[in-house]
Amino acid sequence: MTRAASDSARRTLLPQGLVLGGVVAGALLVAFRDPNEAGHYPSCPFLAMTGYYCPGCGMMRLVHALTHGDVGTAFGFNPLVFVLLPVFGYMFVRWTVLGARGMPMRSALFRPVVVYSFVGVLAVYWVVRNLPFAAALAP
């Protein structure tokens, strides 16, 4: 591989490297600074203003539990994000592989019907996790 091709490949994968670095840094921070202890992180502004859980509530505790190998507890903190983690992983690997080949990121998951369906599921999850009968969805 020539130096120009090597520099081009490095620049092509820079966004993926930055995203991976950010995710790893965030996971390490949450792994070593327990979000279950008060004062380490700010609380959810939506929860503070309304008293209701947002779809992301429990994500830091989920990451903390996963980094400590407690899968069951992680699922209990935010079931939707837990179920979507493999999808996020697949999308990142696909983005990286296509980027290494010099191809744009394309996926059936970006089609409008899929995106609107996901937004609908997110909205239903947001409402349902705050209802009394669905206390299992609350963090």
Side-chain angles (χ1 to χ4, degrees):
M1 182 180 280
T2 67
R3 181 171 172 80
S6 174
D7 289 344
S8 175
R10 195 174 303 127
R11 265 184 275 125
T12 301
L13 295 178
L14 181 64
Q16 291 87 337
L18 292 173
V19 168
L20 182 61
V23 168
V24 169
L28 286 172
L29 176 67
V30 174
F32 292 110
R33 298 289 291 188
D34 189 355
N36 296 303
E37 295 178 16
H40 288 176
Y41 303 100
S43 62
C44 173
F46 185 80
L47 179 62
M49 289 189 299
T50 65
Y52 294 111
Y53 299 116
C54 75
C57 279
M59 265 190 352
M60 280 198 293
R61 290 177 284 170
L62 174 141
V63 170
H64 180 76
L66 280 179
T67 58
H68 290 272
D70 195 353
V71 176
T73 301
F75 179 80
F77 284 133
N78 196 319
L80 181 63
V81 171
F82 184 88
V83 168
L84 289 175
L85 284 175
V87 176
F88 297 148
Y90 163 76
M91 295 301 288
F92 179 79
V93 169
R94 182 173 172 82
W95 179 40
T96 303
V97 169
L98 289 174
R101 293 179 181 168
M103 299 169 63
M105 176 61 178
R106 292 195 177 122
S107 173
L109 296 176
F110 293 156
R111 291 185 180 153
V113 68
V114 177
V115 172
Y116 292 138
S117 298
F118 174 71
V119 170
V121 166
L122 193 64
V124 169
Y125 177 74
W126 194 340
V127 171
V128 171
R129 82 182 309 202
N130 288 292
L131 297 176
F133 69 85
L137 296 177

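Values below: every heavy atom of this structure, side chains too, minus hydrogens, waters and symmetry copies. Keep in mind that what you see is a predicted model, and the values were worked out from it rather than measured.
A distance of 10.0 Å separates CG in Leu80 from CE in Met59, rounded to the nearest 0.5 Å. Put simply, CE on Met105 and CE on Met91 are 3.5 Å apart, with the number rounded to the nearest 0.5 Å. Between the OG atom in Ser107 and the CG atom in Leu98 there is a gap of 9.0 Å [rounded to 0.5 Å]. Here Tyr53 contributes atom OH and Cys44 contributes atom SG; the two are 10.5 Å apart, rounded to the nearest 0.5 Å. Note: His64 NE2 to Asp34 CG = 3.5 Å, rounded to the nearest 0.5 Å.
Other residues, nucleotides and ligands contribute more than 12 heavy atoms inside 6.0 Å of the CE atom of Met60.
Nearest heavy-atom pair, Arg129 versus Ala138, reported as atom, atom and distance to 0.1 Å: O-CB, 4.1 Å. Here the shortest heavy-atom pairing between Phe77 and Ala65 reads CE1-CB, 4.3 Å. The minimum heavy-atom distance between Pro55 and Trp126, with the atom names listed, is CD-CD2, 3.3 Å. The two residues Leu13 and Thr96 come nearest to each other via the heavy atoms CD2-O, 3.6 Å.
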Exercise for review: Kindly indicate, with the supporting measurements, whether the criterion side-chain contact (heavy atoms from CB on, under 4.5 Å) is fulfilled by Asn130 and Leu137.
Suggested key: CA-CA 8 Å; Asn130 288 292; Leu137 296 177; over 6 Å; no

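Connectivity analysis of hydrophobic side chains (ILVMFWY, heavy atoms under 4.5 Å, direct or indirect) links Met49 to nothing; its cluster partners are none.
Tracing side-chain contacts under 4.5 Å through hydrophobic residues (I, L, V, M, F, W, Y), one never reaches Val81 starting from Leu47; they form parts of separate clusters. At a threshold of 4.5 Å between side-chain heavy atoms, the hydrophobic network of Ile, Leu, Val, Met, Phe, Trp and Tyr places Val113 and Val87 in one connected group.
In this structure, Phe88 has its ring center at least 6.0 angstrom away from the ring center of Trp95.
Looking at Leu62 and Leu85, their side chains come closer than 4.5 Å, going by heavy atoms from C-beta outward. Considering only heavy atoms from C-beta on, Tyr116 stays 4.5 Å or farther from Arg111 through its side chain. Under the 4.5 Å side-chain criterion, counting only non-hydrogen atoms from C-beta, Val30 is in contact with Tyr41.
Here side-chain hydrogen bond (donor to acceptor under 3.5 Å, both in side chains) pairs that include residues 65-93, with residues two or more places apart or in two chains, are Asp70-Thr73, Asn78-Tyr125.
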